[in-house]
Amino acid sequence: MQAPMWLLTSLLCLSLLLAHGYQKEIVGIMGENVTFPVQIDQKIVEITWKKNKNKVAEWEYPNKPTYFGHLGNRSVLMENGSLTIVNLEKDDAGIYELVYWDSVNEHQLNFKLVLDSLPKPEINCSTSDDELVLNCTANFQGSLTYTWKLSNNPHRYQNQELSIPLKNVDITTNATCIIKYSQTERSSEISLIQCLPEEKGDSYHKRHRRILISFLIVPVILLVILEFLRRKGIIKLGRKTAQNNSPVNGSGEHEQLYPGNSQQQSNSERDRALNENDMKDKQIVKNGVNQEEATQDAEGENGVHLDSSSNGAKEHLKA
């Protein structure tokens with residue numbers, strides 16, 4: 001009994017798959033590093049990595065790895081069988097083959113390395129009755145991580161799509177979509193006002209314009225009220241001046257407006273008063289001295305007269 005043709009074809013494909021091993025596609029970015037993921041449960045005694053049938057690295061227990069070709073100084077082979085290529089170049093793309101031996105059998109794993117560049121993401125937006133929906137897309141072969149960031153919100157949202165209630169939309173807010181693969185990031189930004197329908201955008205503009213106008217008008221109104229109260233005499237603004245020392249009543253205003261000169265004049269008047277007092281004291285002392293001298297002179301003259309009189313009297317008695 002012959003087996004059906006489809007069964008023979010399936011068995012042939014299965015045998016080829018087992019012979020060449022499973023081929024997994026790995027996406028790398030130029031200038032970055034890439035590691036071929038390997039999970040082996042058995043103890044490995046020998047490893048050989050090939051690229052397009054050419055040896056890249058080889059290791060045999062317990063020796064150190066040996067590297068070949070242009071990847072010799074940019075590849076790292078680990079004991080678990082994984083191979084890492086650093087600073088990817090254009091020529092690194094291709095088919096990589098891992099052949100390893102445990103203590104009994106030989107095993108084989110195949111990988112396809114594809115190089116790609118991370119594009120700038122595109123942002124699309126739409127509105128429903130009560131929500132604004134933002135969607136971020138990027139044409140890239142690998143699996144990307146999407147993150148949303150709003151300029152008025154420190155929180156980040158890990159999702160490819162972001163929904164915002166329309167009542168919470170601020171037209172001054174910008175939304176940024178960040179995509180990441182491995183260690184590389186790229187981003188795009190959009191203003192939320194661009195996503196709103198024209199009539200809603202106009203209403204938001206009018207509302208914010210009214211707020212801005214109110215902020216400008218309120219200070220002007222306050223200034224007008226303060227000026228009115230000042231003119232009515234209810235409040236007084238500015239520096240107070242002494243009304244009693246006006247130019248009509250004397251030089252008090254001059255002294256009030258120029259306190260430095262007033263102080264100098266006060267000091268001059270004080271010095272002049274002290275000088276006059278000193279002069280008066282000196283005059284009094286001088287007068288006292290003169291009076292004392294006059295008294296002494298008078299007393300001297302009187303003494304002379306007295307002496308003369310006494311002598312005359314004595315001579316008269318003798319006669």
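Annotation: cation-pi geometry not satisfied between Lys24 and Tyr96 (NZ/CZ under 6.0 angstrom from ring centroid, within 45° of ring axis).
Atom CD of Gln39 sits in a sparse spot, with 12 or fewer heavy atoms from other residues, nucleotides or ligands closer than 6.0 Å. Open room surrounds CD on Glu79; 12 or fewer heavy atoms of other groups in view lie less than 6.0 Å from it.
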| task | Quick one: do Val133 and Asn124 satisfy side chain to side chain contact (heavy atoms under 4.5 Å, CB included)? Show the steps, please. | result | CA-CA 8 Å; Val133 180; Asn124 300 311; over 6 Å; no
| task | Apply side chain to side chain contact (heavy atoms under 4.5 Å, CB included) to Arg74 and Glu89, showing your working. | result | CA-CA 10 Å; Arg74 292 191 297 112; Glu89 300 177 358; 3.6 Å; yes
| query | Taking it one step at a time, do Asp130 and Ser128 satisfy side chain to side chain contact (heavy atoms under 4.5 Å, CB included)? | reply | CA-CA 6 Å; Asp130 55 355; Ser128 61; 3.7 Å; yes
| task | Kindly indicate, with the supporting measurements, whether the criterion ring-ring contact (aromatic ring centres under 6.0 Å, His included) is fulfilled by Trp49 and Phe111. | result | CA-CA 11 Å; Trp49 273 94; Phe111 300 89; 5.8 Å; yes
| request: Please assess Ile40 against Tyr100 for the test side chain to side chain contact (heavy atoms under 4.5 Å, CB included), listing each intermediate value before the final yes or no. | output: CA-CA 10 Å; Ile40 302 175; Tyr100 66 94; 3.6 Å; yes
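Between His155 and Lys149 the shortest side-chain heavy-atom distance does not fall below 4.5 Å. Looking at Thr48 and Lys50, their side chains come closer than 4.5 Å, going by heavy atoms from C-beta outward.
The closest side-chain donor-acceptor pair between Asp102 and His107 falls under 3.5 angstrom. In this model, a donor atom of one side chain and an acceptor atom of the other lie less than 3.5 Å apart for Ser182 and Glu32.
In this structure a side-chain-to-backbone donor-acceptor pair under 3.5 Å is present from Ser151 to Asn174. Side chain of Gln160 to main chain of Cys136: a donor-acceptor pair is present (N/O by atom type, distance under 3.5 Å, no hydrogens or angles). Between the side chain of Ser75 and the backbone N or O of Leu71 there is at least one donor-acceptor pair closer than 3.5 Å.
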